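Before I ask anything, let me first share the structure, which is written out below as structure tokens.
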Amino acid sequence: MKNFIKNNIEKRMTLPALVMVLLLAVCGCETDEDQTVATLTNLVLSEEFDSDGAPNPAVWGYDIGRGPNGDGWGNQELQYYTDRSDNVEVQNGVLLITARQESFEGASYTSARLLTKDLFEQKFGRFEARIRLPYGQGIWPAFWMLGADIDENPWPAAGEIDIMEYRGQQPTVLVGSVHGPGYSGGDAISKEFILENDRFDTGFHIFGIEWGPDYVNFYVDDFLYNRITPEDVTGPWVFDKPFFILMNLAVGGSFVGAPNAETEFPQTMLVDYVRVYN
Amino acid sequence: MKNIKYKNLRFVFLLSLSMAVFYSCERDFSDDVEFATFSTTADVFTDSPVGLGSNFYFPFLNSKATAFRVDNEVGFESEASIRIDVPNANDPEGSFAGAIFRIDGAGRDLSGYDALTFYAKASRGIVIGEIGFGQDFEENKFQVTRNGVTLSTDWVKYVIPIPDPSKLVEERGMLWFSAGTDATAGFGYTFWMDEVKFERLGNIAQPRPAILNGADIAQEGFLGIPITIQGLTQTFNIGSGENITLTAKPGYFDFESTNVDVARANELGEVSVVGTGEATITASLANVAAAGSLALNVTRAFDFAPTPPQRDPSDVISIFSDAYTNVGVDYFNGFFIPDGQTTQGGAPPLDLNGDRVINYTQLNFVGIGFFTDVAPVNATAMETLHLDIKVNEAIAPGDFIRLQLLNSVGNNETSGEYTINGDALTTDGWVSFDIPLSDFVGLTDRSQLGLLFFITDSTISDIFVDNIYFYR
């Protein structure tokens, strides 16, 4: 299963490839090749963003500023995070996280980071969001999770699951990763998924994981593109405790580089919903 | 009898058949109207030209007509490609390579595609001036140009997005290019193109059309003087994340005026000025608003300078006039900015429906030069300098326009000045001056005149100038 996914399915399958797979399936090959994207269907969190204004405060808090060390959240990010409606607001059934180019508290950009820390956390389950991404050099949106014990057990020991990361300068490429002790930052266990004949900034796509005791399955829309298990990580498996959810839109930083003159502002990440199942 | 019966039977059979056919035709027509459509063939060149017919290659005027051939040895994952041998600049057969590939026959329906794509490489790293499609040597209505396409020595895929595919329902211009040797010191090179085809990539997005290169321009408009909207572009972000800006013809745009009783734009981007008042011209492309606008304030017809009298050509040396043949001029504004010049305008002169006028603004001093790349003027046989000046502002006591003529610029230079006092000028009115060259005190030699300065020391800052010529 693991090898098949890792080595054979790099991109969304073309029709001939799909026919081939079906033929192989008909020929009685391993049942492992059936892809079941999501099996967990008991909805436990459903943030649909149906009320205009600020997102539900019972679920969503904010990180404000440039990070505890003032260093762009450890990534040299350039934005100052706020909870102003200019940067985060629900409108017409969609959560808008907007990065703006403006001088603010010493930064050249503003944006927002929402998190469910101390408000919602869960061990295992299915976590997904339907999002339309922004675009442009230096634009870095993410939908991700951190171990809920991060205050006692600092990163990377707490663990991080990046359900969706994306570089605005690569509008067809999604990155899904896990970070933990011995495999964090540039050494994260990571895989790219390339959208063929489409892109992530022109329509909504579902970004999700299904997470169990010894695996994290990564999917986009109805396509499972990666499975990470304890055998894949080069350190202890730390994904066996509650995690909370984060959504943010960074500007600049080590993952994407700085915006350039061609980057259009403002840029907005549109979130239709966030749903969690177990 | 038998015979007749047979005929009747056949008639009945044919009638019923035709009724059936007619009936089914009618059903087809009313249920599902299908319009005549043109070929949707995507390929332009694979291993040979595809569906272009026999007579498809039309080189540009003054280009080397034989620059194109099919190379049967080089290709992208194949053994054939379009080969363009860009000639040396001094090639007697043509100084550059440029041509259109036009279908010899009916056009294609390209509305289902979103880009022209091709692989290309060159014999050296080079920037090809222009590559595009939609040029047919007829209306060129939907011509698209990607400027400055950088080729390397290995095959790379290039994308030229279609600004609005819905416009291309019958297009004959499949490919065009123009390549010169400005960047190679006049020396030629070769480039190849292969797998030239229209594709639906699905990742051409984020359209950002613009008119006037995205600038919001406000200017005075004059009754009856049309203005052509320039700087029409469409920018896309393509799948690689690269922004590609194309030059697009007005045919892709829809123009709008806030007041059609003042100004209106047609499908060619030509703005007609039809009444007094204010109007702003904007545009959209495929329902996306274009950046840039032209705000016109129209109060009057343009007041042109008086037309000079007819003269024997041998009695006139004209620097700037629509009435005579002008000598070559390097510039109408030398922009001597290090010397403190503030003057704008004249680069180029205004073109009011074919009638050229110079408008200097922020004038403190400005020079018209005719000695660098052109022969200086030998005005030895001439007696008089004529010019027409209109001052577009109030004239205060002490205002002046000083004219200075320089001979043999920078080399045993001599010069002379003549000062027009403010009381000889008229606010908002043309005044003609005929100044004896002998009044330019100090100009002892006028056999190599090269510069004419207008100096006001900012006392007068906005003027029109026309009809600058020497005569006898």
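Computed from heavy atoms alone, side chains included, the values below leave out hydrogens, waters and symmetry copies. Residue numbers start from 1 in every chain, and the chains themselves are labelled A, B, ... in the order their sequence lines are given, proteins ahead of strands. Just so you know, these numbers come straight off a predicted model, no measurement behind them.
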In terms of heavy-atom contacts, S240(B) and P171(A) come closest through C-CD, 4.2 Å

Would one find more than 12 heavy atoms of other residues, nucleotides or ligands at under 6.0 Å from atom CG of D182(B)?
no

Other residues, nucleotides, ligands: >12 heavy atoms within 6.0 Å of E102(A) CD
yes

Atom pair OG1 (T263(A)) and CG (N237(B)), whose distance is rounded to the nearest 0.5 Å:
10.0 Å

Check: N197(A) side chain, L201(B) main-chain N or O, donor-acceptor pair, under 3.5 Å
yes

Honestly, the part of Q169(A) sitting under 4.5 Å from a heavy atom of chain B is backbone

Kindly check if the number of other-residue, nucleotide or ligand heavy atoms within 6.0 Å of CD (Q344(B)) is above 12?
yes

Closest approach of G239(B) and R199(A), non-hydrogen atoms and distance?
N-NH1, 3.8 Å

Can you confirm whether R208(B) sits close enough to E264(A) that some side-chain heavy atom of one is under 4.5 Å from a side-chain heavy atom of the other?
yes

Filtered by a 4.5 Å non-hydrogen cutoff, the part of residues 147-158 of chain B contacting chain A is none

